[in-house]
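Below you'll find the structure, written out as structure tokens, and then a few comments.
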Amino acid sequence: MRVLITAERIQERVGELAQLIGPEYRDRPLTIVGVLTGSVMFLADLVRRLDIPLRIGLIQASSYRGAATTPGALRVGADLLAEVRDRHVLLLDDILDTGQTLKQLVQHLHDQGALSVKVCVLLRKQDRQVHDVRVDFVGFEIPDEFVVGYGLDYNDEYRQLPHVAVLPRES
Ligand code: 5GP
Ligand code: MG
């Protein structure tokens, strides 16, 4: 598979994002909410670069099946999410594609009483967003290709790759 973003470049960019995010939340009660399962690598690396008090939460959302490019119905699973009432939330996901997932999750977190909800994604696909969701922090802009690695899967595989790679289209 063709490597799109090397492990070194990811780590460097995660450090830069931490430098941007840290000052925003100094002296504010912060919960970083990772979207399962794709954000787990990003979450683990980012929180270790932040030198501010924070809590970690997890939320489930799934819309994709295999490499289909149109999202199916979104399922939100919030059973694992700790109380976010009266806390500032930074919602963390692996990739922004159409925006459906993050739009619904942002609404859910507001409904749960979060003081504010900001969004951080590792990757944003160019020219794909159709749902109106404000993204506050972006790691990398990428072309419209199906990518795997660093948390991103194809049929639940390849998540463990330390880099981001392009999955070849089946011919
Ligand atoms: P959206 O709701 O923005 O259309 O889709 C976001 C979700 O779709 C991501 O959290 C991710 O699970 C999945 N997704 C979108 N594009 C890709 C991709 O290129 N590779 C992988 N592995 N997942 C993707
Ligand atoms: Mg996902």
Side-chain angles (χ1 to χ4, degrees), residues 1-7 9-11 13-14 17 21 31-47 56-82 84 89-112 114 116-171:
M1 276 189 280
R2 180 165 59 88
V3 175
L4 189 66
I5 310 170
T6 64
R9 185 69 191 106
I10 292 172
Q11 293 307 319
R13 184 65 184 139
V14 169
L17 288 171
I21 291 165
T31 300
I32 297 192
V33 174
V35 182
L36 289 171
T37 303
S39 75
V40 295
M41 311 291 170
F42 186 29
L43 176 68
D45 285 341
L46 182 69
V47 295
I56 294 173
L58 294 168
I59 196 163
Q60 248 175 331
S62 49
S63 59
Y64 271 74
R65 288 292 163 268
T69 51
T70 47
L74 186 80
R75 295 175 303 150
V76 174
D79 309 355
L80 295 168
L81 185 66
V84 295
V89 170
L90 180 65
L91 184 59
L92 208 68
D93 205 356
D94 47 7
I95 187 165
L96 178 81
D97 187 19
T98 68
Q100 173 183 250
T101 308
L102 287 172
K103 187 184 169 89
Q104 294 198 33
L105 293 179
V106 166
Q107 185 58 52
H108 180 83
L109 291 161
H110 279 301
D111 293 346
Q112 298 302 301
S116 71
V117 182
K118 288 197 174 188
V119 172
C120 175
V121 293
L122 180 75
L123 309 174
R124 178 163 63 191
K125 270 193 198 174
Q126 279 154 19
D127 304 323
R128 285 281 299 170
Q129 195 178 340
V130 293
H131 297 272
D132 166 39
V133 50
R134 186 195 147 94
V135 181
D136 302 279
F137 306 97
V138 177
F140 302 93
E141 305 280 351
I142 63 162
D144 183 12
E145 300 198 76
F146 195 83
V147 291
V148 296
Y150 197 68
L152 291 130
D153 74 304
Y154 172 64
N155 284 342
D156 256 329
E157 291 181 15
Y158 307 114
R159 293 192 197 275
Q160 77 279 14
L161 299 176
H163 54 260
V164 170
V166 176
L167 192 77
R169 289 174 207 272
E170 278 165 42
S171 46

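Indexing begins at 1, ligand by ligand and atom by atom, following the structure's order. Computed from a prediction, not measured in an experiment: that's the story for all the values here. Heavy atoms only: backbone and side chains are in, while hydrogens, waters and symmetry mates are out.
- The only option from His163, Glu157, Arg159 that meets the side chain to side chain contact (heavy atoms under 4.5 Å, CB included) definition with Leu161 turns out to be His163.
- Contacts of Val35 with ligand 1, taken as heavy-atom pairs under 4.0 Å, are absent altogether.
- At under 3.5 Å, not a single nitrogen or oxygen of Leu96, backbone or side chain, sits near a nitrogen or oxygen of ligand 1.
- With a 4.5 Å cut-off on side-chain heavy atoms, Asp94 and Val35 do not count as touching.
- Residue contacts with ligand 1 for Leu102 are absent, since no atom lies close enough (heavy atoms, distance under 4.0 Å).
- Here is the list of ligand 1 atoms found below 4.0 Å of a heavy atom in Asp93: 10 (O).
- Within 6.0 Å of atom CG in Asp111, more than 12 heavy atoms from other residues, nucleotides or ligands are found, so the atom counts as buried in its surroundings.
- Side chain of Asp144 to main chain of Gln126: no donor-acceptor pair is present (N/O by atom type, distance under 3.5 Å, no hydrogens or angles).
- Neither the backbone nor the side chain of His131 has any atom closer than 4.0 Å to an atom of ligand 1 (non-hydrogen atoms only).
- Leu152 has its side chain within reach of Leu123: a pair of non-hydrogen atoms, C-beta onward, lies under 4.5 Å apart.
- Using a 30° and 60° split on the angle between ring planes, Tyr150 and Phe42 fall in the tilted class, from 30° to 60°.
- Under a 4.0 Å heavy-atom criterion, Gly99 is in contact with ligand 1.
- Within the listing of ligand 1, atoms 1 (P), 2 (O), 3 (O), 4 (O) sit less than 4.0 angstrom from a heavy atom of Thr98.
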Trace of the side chain to side chain contact (heavy atoms under 4.5 Å, CB included) decision for Ile5 with Val147: CA-CA 10 Å; Ile5 310 170; Val147 291; over 6 Å; no
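- The contact set between ligand 1 and Val147, taken as ligand atoms under 4.0 Å from a residue heavy atom, comprises 18 (C), 19 (O), 20 (N), 21 (C), 22 (N).
- Residue contacts with ligand 1: Phe146 is placed with no nitrogen or oxygen under 3.5 Å of a nitrogen or oxygen of the ligand (distance criterion only).
- Between Tyr158 and Leu167, some side-chain heavy-atom pair lies under the 4.5 Å cut-off.
- Remark: ligand 1 atoms within the under-4.0 Å shell around heavy atoms of Glu145 are 19 (O).
- Each of the atoms 16 (N), 17 (C), 18 (C), 19 (O) of ligand 1 lies under 4.0 Å from some heavy atom of Lys125.
- For ligand 1, one of its N or O atoms has an N or O atom of Asp153 under 3.5 Å away.
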